[in-house]
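Beneath this line is the structure, given in structure tokens, with notes to follow.
The model shown is predicted, which means the values in this text are computed figures rather than measured ones. Order of the sequence lines sets the chain letters (A, B, ...), proteins ahead of strands, with each chain counted from 1.
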Amino acid sequence: MTTALRQLLAGAPEDAAPRLLGSYLVSTVDDDLVRVRLTEVEAYKGADDPASHAHGGETPRNSSMFSQPGTLYVYRSYGVHWCANSATGPIGTGWGILMRAGEIVEGEGVVVRRRGRRTDLVNGPGKLTQALGILGDHNGIDLLDPGSPVRLEEGPAPGLVMATPRIGISRAQDLHWRFVETHPVGSGG
DNA sequence: AGGATGATGGACT
DNA sequence: GTCCATCATCCTA
């Protein structure tokens, strides 16, 4: 059932983002399954948010983020990498959650091959999409459809969650809408 | 461990 | 022409 996720993504991104941590982002691309547990996400709140791609309203590029919650929005970053978001909130708001990093639960061998290295496999938004085989072609697909090549599934709830300013942006630094799962001090990890 | 930098495409002025 | 929701590589310590 994706009911809980659907419920979650129906809400505001700054509320949904921290609770999305721990969920699985799963892809089946070229017959290879990769499962990543999300540990770092950021909220972007459409027209209200000067740092959001949706701030200036709907365009052909960002239209996926204005679609129904759970729609995958993929864009090219710095001309080189792909980054993946899930639309959240009511249709037409342009709200979304950028999925930045995680930990590989399944398919590490596939990721090593796709990434061409054995370290730093999924610790950044461009790396995450490359690890999962997400391309611009996947823009607009439904992450809540179990039949989609890229999809979200429920996972174990996160432990401690830390909120910080978002990475790589200069506007709206006062909004602490980057959410990272952290380990308690002394837990030895 | 951490700073600088080139690559590269699309949106915007 | 300029600005990016970045990454890998090359340096200095």
Shared hydrophobic cluster for A/Val29 and A/Ile141 (ILVMFWY, side-chain gaps under 4.5 Å): no
Sugar-phosphate only, base, or nothing, as touched by A/Arg178 at under 4.0 Å among non-hydrogen atoms: nothing
Per A/His81 side chain, nearest of listed nucleotides C/dC7, C/dT9, C/dA5: C/dC7
Rounded interatomic separation in angstrom, taking CZ from A/Arg166 and P from C/dC4: 14 Å
Atom CZ of A/Arg19 with >12 non-hydrogen neighbours under 6.0 angstrom: no
Main-chain N/O of A/Val105 paired to A/Arg35 side chain as donor or acceptor, under 3.5 Å: no
Nucleotides bounding contact with chain A, strand DNA chain B, heavy-atom threshold 4.0 Å: B/dA7 to B/dC12
Sugar-phosphate only, base, or nothing, as touched by A/Arg61 at under 4.0 Å among non-hydrogen atoms: sugar-phosphate
Distance below 4.0 Å between A/Arg171 side-chain N/O and C/dC3 OP1 or OP2: no
Touch class at under 4.0 angstrom, heavy-atom based, for A/Ile167 against every strand present: sugar-phosphate
Pairing nucleotide - B/dG9, Watson-Crick or G-U, each distance under 3.5 Å: C/dC4
Connected via hydrophobic side-chain network under 4.5 Å: A/Trp177 and A/Tyr75: no
Donor-acceptor contact present, side-chain A/Thr129 to main-chain A/Ile134, <3.5 Å: no
Touch class at under 4.0 angstrom, heavy-atom based, for A/Met99 against every strand present: nothing
A/His138 side-chain N/O to A/Leu135 backbone N/O, donor-acceptor pair under 3.5 Å: yes
Distance, rounded to the nearest Å, where A/Asn62 contributes CG and C/dC4 contributes C1': 15 Å
A/Arg100 side chain vs A/Val180 backbone, donor-acceptor pair below 3.5 Å: no
Distance, rounded to the nearest Å, where A/Arg117 contributes CZ and C/dT6 contributes C1': 13 Å
Expected output: side-chain A/Asn62 to main-chain A/Gly57 donor-acceptor under 3.5 Å: yes
A/Arg114-A/Gln130 side chain donor-acceptor pair, cut-off 3.5 Å: no
Distance in angstrom units between A/Trp82 CH2 and C/dC4 C1', rounded: 15 Å
Residues within residues 118-140 of chain A bordering DNA chain B, heavy-atom distance below 4.0 Å: none
